[in-house]
**Student:** 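Pasting in a structure now, in structure tokens, and then I'll have a few things to ask.
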Amino acid sequence: MATRGRPRKFDPDTALRQALILFWERGYEGTSLNDLAEAMGIASASIYACFGSKENLFRQVMALYGATSGESPRRALREQPTARGAIEAMLRATADEITRPDTPTGCMLILTALTGPVENQGVRDFLAALRRNMHDTIKDRLDRGIAEGDLITPQARLGAIARYYTTVVEGLSVQARDGATRDELEEVISCAMAAWDPLVAAPPTSRSELKPPQSEAPEAVPSDPTSAPVNAA
């Protein structure tokens, strides 16, 4: 009778990094359990035993991604002394990360699972929450700029400004996946930062300030009473 071999030993941290690259390249929907088992060098049963399920594995992968590739942009937001500097540094750090030669291009959070079958709705909701957190993190940095006095703009405007720069981040990711170079992304960043001053400028304080200045009406020339026609009584 053939004896049962010992279960293959593996390093969970190494396996998790291998799964990260595969999910990053193919997305959640495009990565099968068999693909993961092959890339991680373990049996499917070991994936379930160690990580619980494909979805649980993916959630752990996203935590690892956030702590590695996702940390540099967040650190830029935290450490730069001004709000403008923080936003610009965040965009540049993002461009650096999504064009690294040793990883897949684009942001894993943005690209991995935007659509799919209904049974994976939980994964899409999970990723949507992470993307909303990105917007909230940018807005928090703008709030800090107001609190520290280096940013003067109405509080009500900050959500829209944060959403604008979140959209720039998302667009950079798609451009990188489509083949845009780091230099080409830098041009996009320059355009986005050129919009900073108009975005944060204080709006007019009254409706009258929205109207262009009116030219003064010419003064009426008094008429010569001697030349005016005389009406008959």
Side-chain angles (χ1 to χ4, degrees), residues 62-63 65-100 105-112 114 124-178 180-217:
M62 288 307 305
Y65 179 82
T68 53
S69 295
E71 173 57 22
S72 179
R74 287 198 303 271
R75 185 168 61 248
L77 282 174
R78 291 193 305 268
E79 295 181 353
Q80 288 296 317
T82 66
R84 189 191 192 285
I87 295 296
E88 186 170 4
M90 175 205 66
L91 293 178
R92 291 209 164 97
T94 297
D96 289 340
E97 290 295 332
I98 63 180
T99 57
R100 286 168 57 100
T105 54
C107 172
M108 185 178 179
L109 173 59
I110 305 303
L111 299 173
T112 191
L114 291 175
R124 292 196 296 279
D125 291 343
F126 165 66
L127 292 170
L130 293 178
R131 289 192 293 271
R132 286 192 295 272
N133 179 260
M134 178 171 60
H135 165 270
D136 293 344
T137 301
I138 294 173
K139 184 178 180 300
D140 287 345
R141 185 59 186 86
L142 299 177
D143 284 325
R144 176 182 148 193
I146 288 180
E148 294 177 351
D150 77 88
L151 182 61
I152 302 174
T153 196
Q155 198 81 23
R157 236 183 191 180
L158 297 189
I161 297 172
R163 196 165 301 283
Y164 169 76
Y165 284 106
T166 302
T167 303
V168 173
V169 170
E170 293 171 346
L172 290 173
S173 180
V174 174
Q175 288 290 309
R177 178 57 63 93
D178 287 347
T181 66
R182 178 64 182 79
D183 287 343
E184 289 169 334
L185 297 185
E186 184 66 30
E187 293 174 350
V188 176
I189 293 169
S190 296
C191 291
M193 294 315 301
W196 174 266
D197 287 342
L199 285 171
V200 302
T205 56
S206 66
R207 292 180 62 87
S208 62
E209 293 182 47
L210 294 170
K211 299 177 181 179
Q214 299 293 323
S215 59
E216 294 183 0

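In this text, all values refer to a predicted model and were calculated from it rather than measured experimentally. Computation of the quantities below employed the complete heavy-atom set of this structure, encompassing side-chain atoms and omitting hydrogens, waters and symmetry-equivalent molecules. Numbering of residues begins at 1 and proceeds along the displayed sequence.
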**Student:** Please test Asp96 against Arg100 for side-chain contact (heavy atoms from CB on, under 4.5 Å), starting from the C-alpha separation and ending with a verdict.
**Tutor:** CA-CA 6 Å; Asp96 289 340; Arg100 286 168 57 100; 5.8 Å; no
**Student:** Output yes when a side-chain donor or acceptor of Arg144 lies under 3.5 Å from a complementary backbone atom of Arg78, and no otherwise.
**Tutor:** yes
**Student:** Where do Ile189 and Leu172 come nearest, in terms of heavy atoms and distance?
**Tutor:**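 Result for this residue pair: CG1-CD1, 4.2 Å.
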**Student:** Please round to the nearest 0.5 Å and tell me the distance separating atom CD1 of Ile138 and atom CZ of Arg74.
**Tutor:** 11.5 Å
**Student:** Are there over 12 heavy-atom neighbours, none belonging to Arg182, within less than 6.0 Å of that residue's CZ?
**Tutor:**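 Yes, because the 6.0 Å sphere around CZ of Arg182 holds more than 12 heavy atoms from other groups.
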**Student:** Starting at OG1 of Thr68, measure out to CD of Glu97 and round the result to the nearest 0.5 Å.
**Tutor:** 8.0 Å
**Student:** What distance do Leu91 atom CG and Leu77 atom CG have between them, rounded to the nearest 0.5 Å?
**Tutor:**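 Between atom CG of Leu91 and atom CG of Leu77 there are 8.5 Å.
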**Student:** Carefully, step by step, assess Lys139 and Asp143 under the rule salt bridge (charged side-chain N to carboxylate O under 4.0 Å, His left out).
**Tutor:** CA-CA 6 Å; Lys139 184 178 180 300; Asp143 284 325; 3.2 Å; yes
**Student:** Please check: side-chain N/O of Ser173 versus main-chain N/O of Val169, any donor-acceptor pairing under 3.5 Å?
**Tutor:** no
**Student:** Go through Val174 and Leu111 one step at a time and tell me if the side-chain contact (heavy atoms from CB on, under 4.5 Å) criterion holds.
**Tutor:** CA-CA 7 Å; Val174 174; Leu111 299 173; 4.1 Å; yes
**Student:** Between Gly106 and Ala176, which heavy-atom pair has the shortest distance, and what is it?
**Tutor:** N-CB, 4.0 Å
**Student:** Looking at every non-hydrogen atom in both residues, tell me the closest pair between Gln80 and Ala89 and how far apart they are.
**Tutor:**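 Smallest heavy-atom distance, with atoms named: CG-CB, 3.6 Å.
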**Student:** Between Tyr165 and Trp196, does a side-chain contact (heavy atoms from CB on, under 4.5 Å) hold up when you go through it step by step?
**Tutor:** CA-CA 10 Å; Tyr165 284 106; Trp196 174 266; 3.7 Å; yes
**Student:** For Arg131, give me all partners under side chain to side chain contact (heavy atoms under 4.5 Å, CB included), at least two apart in sequence or on another chain.
**Tutor:** Leu109, Ile110, Leu114, Leu127, Ala128, Glu170
**Student:** Look only at the side chain of Arg141 and the backbone of Thr82, and say whether a donor-acceptor pair between them is shorter than 3.5 Å.
**Tutor:**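 It does hold such a pair.
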**Student:** Which atoms form the tightest heavy-atom contact between Ala195 and Tyr164, and what is the distance?
**Tutor:** CB-OH, 3.9 Å
**Student:** Please lay out, stage by stage, how Asn133 and Thr137 fare under the test side-chain contact (heavy atoms from CB on, under 4.5 Å).
**Tutor:** CA-CA 6 Å; Asn133 179 260; Thr137 301; 3.6 Å; yes
**Student:** Mind listing the closest non-hydrogen atom pair of Pro81 and Asp150 along with its distance?
**Tutor:** O-OD2, 4.2 Å
**Student:** How long is the span from the OG1 atom in Thr153 to the CG atom in Leu142, to the nearest 0.5 Å?
**Tutor:** 9.0 Å
**Student:** So, Arg157 side chain and Leu199 main chain: donor-acceptor pair closer than 3.5 Å or not?
**Tutor:**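 Yes.
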**Student:** Is there a donor-acceptor pair under 3.5 Å between the side chain of Ser69 and the backbone N or O of Tyr65?
**Tutor:**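 Side chain of Ser69 to backbone of Tyr65, a donor-acceptor pair under 3.5 Å: no, none is there.
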**Student:** Can you give me the closest heavy-atom contact between Cys107 and Ile98, atom names plus distance?
**Tutor:**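 Nearest heavy atoms, Cys107 then Ile98: N-CG2, 3.7 Å.
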**Student:** Taking the side chain as every heavy atom from C-beta outward, state whether Ile87 and Ile161 have any pair of such atoms under 4.5 Å apart.
**Tutor:**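 In short, these two side chains do not touch, never coming nearer than 4.5 Å.
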